[in-house]
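First up is the structure itself, then whatever we jot down about it.
Numbers restart at 1 for each chain; the letters A, B, ... are given by sequence-line order, proteins then strands.
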Number of protein chains: 2
Amino acid sequence: MVLDRMVRISDSTVRRLSGYLRALDELDPEGEAIVSSQALAERTGVTSAQVRKDLSHFGSFGRRGFGYEVAGLRREIRGILGLSRRWNVALVGAGNLGSALFAYKEFRERGFDVVAVFDNSPDRIGHRIGDLVIEPMSRFRELCEERHIDIGVVATPARAAQEVAELLVEAGVRAVLNFAPRKLLVPRHVTLRDVNMEVELESLAFALRSSETRAGGRRRVEEW
Amino acid sequence: MVLDRMVRISDSTVRRLSGYLRALDELDPEGEAIVSSQALAERTGVTSAQVRKDLSHFGSFGRRGFGYEVAGLRREIRGILGLSRRWNVALVGAGNLGSALFAYKEFRERGFDVVAVFDNSPDRIGHRIGDLVIEPMSRFRELCEERHIDIGVVATPARAAQEVAELLVEAGVRAVLNFAPRKLLVPRHVTLRDVNMEVELESLAFALRSSETRAGGRRRVEEW
DNA sequence: TGTTGTGAAGGCGTTCACAGCC
DNA sequence: GGCTGTGAACGCCTTCACAACA
């Protein structure tokens with residue numbers, strides 16, 4: 001787990017590591033003890049050189065002529081990604097999306113515990129959600145500190161998102177996952193990730209439109 | 001709307017265009033008639049050169065020494081992204097996430113109509129959701145064709161996702177938005193976008209872990 | 001022999017900087 | 001004068017290709 005060399009790790013590398021981990025999670029129960037960069041590459045849709053290069057930023061986890069030990073590599077990647085500990089998540093916005101995210105069990109399985117849920121609607125405040133109670137924004141800072149929030153998830157309407165982000169920052173949260181379709185401004189020491197479903201749909205529309213423009217009717221033979 | 005030059009447009013360009021569009025959508029009601037690449041850049045968190053370069057792939061929409069006409073540029077980008085028409089979406093999976101996505105009004109506002117919802121659970125099939133009925137997978141192909149589905153949204157558990165993707169492909173759908181945390185294999189003529197919340201959380205964990213490793217305690221002064 | 005780890009090459013997107021034009 | 005549009009420079013990530021080595 002050599003991170004102290006302090007080479008800059010690209011975002012794409014980190015995201016792929018997450019993909020390798022998921023693949024290893026599958027291989028383990030399948031009884032595979034050894035995996036090659038080639039096999040991992042096929043499972044995750046990248047090249048084998050990419051797999052090796054990504055891993056090489058953090059150390060040498062394989063054996064030449066042999067491959068990688070599944071369990072060992074899995075452990076290493078979990079360590080690299082910071083998954084050998086659990087993380088506390090605060091969810092802001094308990095509407096449709098927020099509730100769905102809260103109910104998403106896989107988060108807990110992967111080490112992320114939603115330990116606080118906030119909303120500003122009187123209709124929702126005070127209601128139970130799972131084993132929590134939906135809290136008013138007035139208790140935001142207090143509860144964020146009390147429950148040692150590591151990550152804030154913004155699942156509010158777009159208009160409220162920036163304000164929520166600022167509250168998160170003030171409360172000392174240094175990682176934000178934003179589902180609101182709006183660019184958030186946060187200090188540089190805060191890491192922000194956006195999940196913007198509108199962007200995804202619009203990029204699909206672009207792709208559809210382009211291929212129609214190009215193909216001019218007849219589809220060509222399918223190729224996987 | 002010059003697309004026929006057939007230069008390859010990068011994914012990042014398309015995603016940024018979507019961001020510019022959102023910014024223009026805000027500027028319009030604010031009564032701004034003209035916007036500079038600089039202003040657009042600030043609103044979307046990129047450089048002004050980037051804005052100009054992105055747009056230049058599709059034509060010359062501005063006036064030198066002046067800027068871009070908000071309404072006009074908005075119209076152009078909508079055209080480029082394929083948003084001057086509406087798109088039919090099929091949602092597969094009516095669980096927590098699927099229902100939340102269905103309830104997300106912004107999709108309709110932006111031109112995407114969910115016109116079919118499928119699930120394989122007898123508990124859900126037949127129930128109303130909005131003005132639709134949740135349909136069984138057995139009617140998948142029939143309804144996809146009947147309702148001219150353009151985009152399929154996969155909101156099933158991971159284990160079902162690949163199978164659903166194949167059904168979508170067989171039904172002639174050429175764009176897939178995948179929310180299941182699993183790599184999907186689709187033919188090359190099908191465009192796939194992934195929204196993987198686990199990857200996002202894990203990349204946040206990586207960032208938190210790295211900054212802790214580096215900073216060794218004391219936070220430095222905030223800088224936005 | 002087979003697969004890793006990695007310097008070097010290559011490709012692609014971003015940024016620069018300025019010519020072009022209103 | 002000011003801002004766009006764009007070729008050229010830059011930098012970063014990916015791919016190549018092979019030395020290292022179990």
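Residue A:Asp54 is the one, among A:Arg63 and A:Asp54, whose nearest nucleotide of DNA chain D lies closer to the 5' end (criterion: closest heavy atom). In terms of position on DNA chain C, the residue among A:Gly65 and A:Ala49 whose nearest nucleotide sits closer to the 5' end is A:Gly65. Summary of the strand contacts: B:Gly67 and A:Thr13 both lie near DNA chain D, and taking for each the nucleotide with the nearest heavy atom, the more 5' one is attributed to B:Gly67.
Screening B:Val153, B:Val115, B:Val154 for a side chain to side chain contact (heavy atoms under 4.5 Å, CB included) with B:Leu91, the sole residue that qualifies is B:Val153. Between A:Glu198 and the choices B:Arg22, B:Arg15, B:Arg108, B:Arg193, the salt bridge (charged side-chain N to carboxylate O under 4.0 Å, His left out) rule is met once, by B:Arg22.
For the residue pair A:Asp113/A:Asn88, the side-chain donor-acceptor check at 3.5 Å is not satisfied. For the residue pair B:Ser12/B:Arg16, the side-chain donor-acceptor check at 3.5 Å is not satisfied.
Look at CD on A:Glu76: it is 11 Å from P on C:dG5, rounded to the nearest Å. Atom CD of B:Glu69 is separated from atom P of D:dT4 by 14 Å (rounded to the nearest Å). Residue B:Gln38 contributes atom CD, which lies 14 Å from atom C1' of C:dC16 at whole-angstrom precision. Rounded to whole angstrom, the span from the CZ atom of B:Arg52 across to the C1' atom of C:dC21 amounts to 14 Å. Between A:Ile9 atom CD1 and D:dT14 atom P there is a gap of 12 Å when expressed in whole angstrom units. Between the NE2 atom of B:His57 and the C1' atom of D:dG5 there is a distance of 11 Å, rounded to whole Å. The distance from atom CG of A:Leu55 to atom C1' of C:dT3 is 13 Å, rounded to the nearest whole Å. A straight line from CG of A:Leu73 to C1' of C:dG5 spans 14 Å, rounded to a whole angstrom.
Side-chain N/O atoms of B:Arg64 and base N/O atoms of D:dT4 include a donor-acceptor pair closer than 3.5 Å.
Overall bending of the helix from C:dT1-D:dA22 to C:dC22-D:dG1, expressed as the angle between end axes built from five pairs apiece, is 10° (10° steps).
For the pair B:Ser12 and C:dG13, the criterion of a side-chain N or O lying under 4.0 Å from OP1 or OP2 is not met. Between B:Ser37 and D:dT4 there is a side-chain polar atom (N or O) within less than 4.0 angstrom of OP1 or OP2. Using a 4.0 Å cut-off, some side-chain N or O of B:Tyr68 falls inside it from OP1 or OP2 of D:dG5. A:Ser36 has no side-chain polar atom (N or O) that falls below the 4.0 Å cut-off from OP1 or OP2 of C:dT3. The phosphate of C:dT14 has OP1 or OP2 within less than 4.0 Å of a side-chain N or O from B:Arg16.
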Go through it in stages, so that I can follow the logic: the residues are A:Arg43 and A:Glu30, the test is salt bridge (Lys or Arg N to Asp or Glu O under 4.0 Å), and I'd like the CA-CA distance, side-chain angles, deciding distance and then a yes or no. CA-CA 13 Å; A:Arg43 292 220 174 210; A:Glu30 288 175 19; 2.8 Å; yes
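Considering only side-chain atoms of B:Ser10, the nucleotide from C:dG5, D:dC3, C:dG13 that sits closest is C:dG13. Listed candidates were C:dT15, D:dA17, C:dC22. Nearest to the side chain of B:Gln50 is C:dT15. Side-chain atoms of B:Lys53 lie closest to D:dT6 of the nucleotides D:dT6, C:dT4, D:dG5.
Between the side chain of A:Arg78 and the main chain of A:Leu83, a donor-acceptor pair closer than 3.5 Å is present.
Ring-centre distance between A:Phe61 and A:Tyr68: not below the 6.0 Å cut-off.
The shortest distance between side-chain heavy atoms of A:Val92 and A:Phe140 falls below 4.5 Å.
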